[in-house]
Amino acid sequence: MSQAARSPVVVDAPQHAGLSATLDYLCEQPLAPGTLVRVPLGRRSVPGLVWDRRLGQPAAEAELRPVQAVLASLPPLLPAWMRLVEFCAGYYQRSLGEVALSLLPPELRKLDDTQIARRLQRLDRAAAAPGGGAGAPWPDLTPEQAQALEQLLPLRGDAAPVLLQGVTGSGKTELYLRCAAAALARGRQVLVLVPEINLTPQLEARFAERFAGHRLVALHSGLTPAQRLRHWLLAHLGQADLVLGTRLAVLASLPRLGLIVVDEEHDPSFKQQEGARYSARDLAVYRARSEQVPVLLGSATPSLESWQHAEQGRYRRIRLAQRVGGGTLPAVRLVDMNTVPRPADGSAVALAPALRAAIEERIARGEQSLLLLNRRGYAPVLFCSACGWKSGCPHCSAWRVFHKADRTLRCHHCGFSERVPRACPDCGNLDIAPIGRGTERLQEQIAQALPAARVARIDADSTRARGALQAQLAAVHAGEVDVLVGTQMIAKGHDFRGVTLVAAVNPDAALFASDFRAAERQFALLMQAAGRAGRDAAQAARSQMWVQTWHPGHPLYAALRAHDFDAFARSQLAERRAAGLPPYTRLALLRAEARSAEAALAFLREASGLAAPWTAELPVRLYPPVPPPVSRVANVERMQMLVESGSRAALQRLLAQWLPELQSLKARHKAVLRWAIDVDPLAI
Ligand code: ADP
Ligand code: ZN
Ligand code: ZN
């Protein structure tokens with residue numbers, strides 16, 4: 001192999017393996033960048049991707065090893081995709097190879113070249129006819145939509161990102177469809193991101209019926225490995241015109257990309273919570289700029305980051321203020337729980353009498369009500385009044401939740417589950433009582449209070465079985481449910497036509513949460529929930545959003561009553577500015593996990609010391625390590641340390657230089673199980 005060529009290859013090795021970002025391998029012929037290969041790594045044989053440039057030190061001649069297999073059937077990944085992956089790995093501080101390889105469908109990494117060739121042939125045969133037909137008709141746009149579309153078209157790759165700030169039901173999706181049509185007409189691919197898998201089937205149906213002549217694929221973690229491979233390949237080969245997916249789809253290979261849409265751009269689900277903790281929304285904006293394609297961020301309640309960009313003119317804001325069909329947004333009614341008489345036993349009432357009466361009215365008219373309670377299970381804790389025992393989790397610093405349906409005490413953090421004890425495990429008292437209320441209990445209480453009503457519940461427990469959620473939603477759509485109780489799962493996206501009342505049963509907790517984003521999230525959730533009421537314009541006038549609160553004077557509720565997102569955003573941003581919080585500063589969170597809190601703390605303290613050379617020079621600040629709200633999970637103690645800077649670049653420089661030092665630090669702190677960095681963390 002005297003004439004052998006060197007190729008830089010990325011392999012799936014973590015950042016702390018001490019390897020360069022790319023490793024050199026030998027091959028008889030130069031390999032096209034983007035080619036999938038198998039290479040030796042130590043004693044293993046691992047998949048790798050030929051990169052289009054060398055990053056790190058070239059290997060010494062003597063160390064070079066040959067590529068073991070070239071998977072030449074797969075068309076190479078393109079440079080634009082490699083730039084995106086490089087950015088993602090660099091910004092979120094993960095190794096390039098780990099990110100690059102993790103983005104390929106797991107099935108693909110297992111196949112040899114012949115097997116890949118066979119899959120591609122099969123795809124080709126299936127692709128011959130993507131199903132013709134005229135597609136569903138396009139409705140006439142409302143004047144407001146038409147005006148918005150005029151600003152959106154023609155699609156321009158060099159334009160600023162667009163923030164489509166439109167109230168729920170204002171027809172944002174219709175505009176996504178029009179923009180998609182424009183991109184498809186130019187022979188380009190369209191990427192549509194939604195926050196949750198649950199929302200993909202609805203949107204998929206809407207896109208599929210409009211674009212009958214085009215191939216549409218879904219990309220999300222709910223697909224089978226075979227489907228995931230197929231859909232990824234169709235996108236990568238450019239055969240799929242529309243790719244609809246959750247956050248992971250933002251990193252799909254899309255050679256003809258011409259438009260990115262991020263629906264519900266504010267949604268926390270766009271942030272990945274493990275591995276490379278990327279924000280799919282932020283990557284979408286980056287990708288759009290780097291590939292010169294337009295990006296459309298849509299929401300009724302934009303993230304404060306995006307909203308502020310729009311205020312500053314960095315994003316172009318297009319507003320939709322009216323609901324399609326002229327329906328009004330539901331009237332918001334606050335119930336002051338301080339004035340609601342308590343039952344004789346002193347327990348908290350589930351529903352204030354006025355709210356209950358309003359629901360009964362709905363039932364009498366054949367309309368539906370949604371009751372939102374963001375806590376699943378029957379009761380968050382069991383309590384012994386004789387000795388004070390509470391249903392704590394032995395493995396976590398958290399209570400175990402009482403689930404009445406299967407009579408278990410379950411920890412929502414580690415999953416530890418036991419049958420409910422008949423008597424207090426500490427003192428034998430038979431009278432142990434549930435404290436507080438989850439969705440199960442609310443459902444039970446509503447069924448008792450309204451015996452004639454058909455009450456259903458949708459939450460993570462009721463929808464565990466495959467297809468259960470779709471079936472339950474279908475029952476709501478078919479009018480087989482009068483009152484639907486549920487967690488935030490019922491607040492998002494659904495186009496329920498028969499709902500004229502939505503109630504937030506107990507939303508106050510977020511007002512006083514330690515997380516600075518809690519209020520922002522809660523406001524978005526309540527606005528979204530309100531948006532489920534009165535979607536049928538004929539009923540909009542009498543639709544209502546009820547809020548049971550102990551703090552009716554809180555500004556968050558005042559803004560909610562006025563449906564005034566901008567007022568809320570302004571007041572939140574003023575608080576954030578005063579407190580030096582994002583978007584006025586940039587954050588990263590260093591987390592450590594160990595068998596003891598002391599060990600985690602010692603690691604973070606020493607890590608903090610190692611940062612001193614940079615913190616002296618850069619405008620970056622490290623806070624003392626603290627435990628997160630739930631500090632022990634599955635017998636592992638967690639600690640975290642906040643890193644803050646007014647400058648994104650300074651923060652990035654610190655992280656890039658400092659984190660490699662933590663690799664060797666970890667080697668000395670044997671009791672530390674894991675550490676991780678979260679750049680732009682959502683929750684702190
Ligand atoms: P959003 O995405 O802002 O919540 P949608 O696009 O889902 O709003 O529109 C709300 C409802 O109005 C949907 O049922 C949709 O089919 C309908 N709709 C949207 N635009 C039009 C239009 N121009 N003419 C008729 N119906 C429309
Ligand atoms: Zn007891
Ligand atoms: Zn636990």
Side-chain angles (χ1 to χ4, degrees), residues 136-149 164-180 192 194-195 199 202-203 205-207 209-210 261-265 296-302 318-327 329 381-401 408-418 421-433 477 491-497 527-538 540 630-638:
W138 294 77
D140 292 332
L141 294 180
T142 66
E144 198 184 38
Q145 281 175 322
Q147 212 173 35
L149 191 66
L164 182 60
Q165 188 177 338
V167 300
T168 49
S170 59
K172 295 185 290 295
T173 311
E174 192 58 41
L175 292 178
Y176 305 155
L177 288 160
R178 304 281 167 148
C179 292
V192 183
V194 291
L199 298 177
Q202 288 180 50
L203 201 66
R206 234 167 128 182
F207 273 79
E209 63 172 28
R210 283 304 168 80
V261 174
V262 185
D263 189 25
E264 310 290 1
E265 67 91 32
L296 190 51
L297 310 175
S299 178
T301 52
I318 298 179
R319 287 184 190 269
L320 293 176
Q322 291 150 22
R323 280 183 145 184
V324 174
L329 287 165
V381 59
L382 283 188
F383 175 68
C384 169
S385 54
C387 76
W389 172 86
K390 281 179 163 182
S391 57
C393 176
H395 310 297
C396 305
S397 49
W399 307 121
R400 273 180 301 164
V401 176
T408 57
L409 282 181
R410 275 215 305 269
C411 175
H412 288 185
H413 296 276
C414 74
F416 180 66
S417 171
E418 276 179 334
R422 286 184 185 287
C424 171
D426 281 2
C427 75
N429 171 23
L430 287 174
D431 192 21
I432 45 179
H477 285 293
K492 294 183 184 178
H494 310 293
D495 194 11
F496 297 129
R497 310 302 290 187
M527 289 269 279
Q528 287 261 307
R532 295 317 106 211
R535 292 183 72 83
D536 184 344
V630 177
S631 59
R632 185 166 53 102
V633 171
N635 295 318
V636 172
E637 297 286 347
R638 310 190 292 183

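In listed order, ligands and their atoms are each counted from 1.
- Not a single heavy atom of G166 sits under 4.0 Å from any atom of ligand 1.
- When hydrogens are left out, the protein atom nearest atom 20 (N) of ligand 1 is Q145 NE2, 3.0 Å; that is the closest non-hydrogen contact.
- Atoms of ligand 1 lying under 4.0 Å from any heavy atom of T142, numbered from 1 in the order shown and given with element: 23 (N).
- A heavy-atom separation below 4.0 Å is not found between Q202 and ligand 1.
- A distance-only check finds a donor-acceptor pair linking the side chain of S397 to the backbone of R632 [under 3.5 Å].
- What sits closest to atom 15 (C) of ligand 1 on the protein, heavy atoms only, is R206 NH2, 3.5 Å.
- Between H494 and the choices Q202, R532, R535, the side-chain hydrogen bond (donor to acceptor under 3.5 Å, both in side chains) rule is met once, by Q202.
- Under the 3.5 Å distance criterion, the side-chain polar atoms of R323 are matched with a main-chain donor or acceptor of T168.
- A perpendicular orientation is assigned to the rings of H395 and F416, their planes being inclined by more than 60° (bins at 30° and 60°).
- What sits closest to atom 1 (P) of ligand 1 on the protein, heavy atoms only, is K172 N, 3.5 Å.
- For ligand 1, the atoms sitting less than 4.0 Å from at least one non-hydrogen atom of E174 are 6 (O), 20 (N), numbered in the order shown with element in parentheses.
- Shown here are the side-chain hydrogen bond (donor to acceptor under 3.5 Å, both in side chains) partners of H413, two or more places apart in sequence or in another chain: there are none.
- Which parts of ligand 1 touch D140 is read off a 4.0 Å heavy-atom cut-off, strictly below it: atoms 22 (C), 23 (N), 24 (N).
- Inspection of the environment of the Zn ion (ligand 2) yields the following protein N, O or S atoms under 2.8 Å: C384 SG, C387 SG, C424 SG, C427 SG.
- Ranking protein heavy atoms by distance to atom 2 (O) of ligand 1, first place goes to T173 OG1, 2.7 Å.
- The protein non-hydrogen atom at the shortest distance from atom 9 (O) of ligand 1 is G171 CA, 3.6 Å.
- Under the salt bridge (charged side-chain N to carboxylate O under 4.0 Å, His left out) criterion, the residue pairs touching residues 388-400 are R400-E418, with sequence neighbours excluded.
- Of all protein heavy atoms, the one lying nearest to atom 17 (C) of ligand 1 is V324 CG1, 4.3 Å.
- At distances below 3.5 Å, not a single donor-acceptor pair connects side-chain atoms of K172 with backbone N or O atoms of G298.
- Listed by atom number, the atoms of ligand 1 under 4.0 Å from R535 heavy atoms are 4 (O).
- Interface atoms of ligand 1 facing R497, defined by a heavy-atom separation under 4.0 Å, are 14 (O).
- Take a cut-off of 2.8 Å around the Zn ion (ligand 3): the protein N, O or S atoms inside it are C393 SG, C396 SG, C411 SG, C414 SG.
- Among protein heavy atoms, the minimum distance from atom 4 (O) of ligand 1 is reached at G169 N, 2.9 Å.
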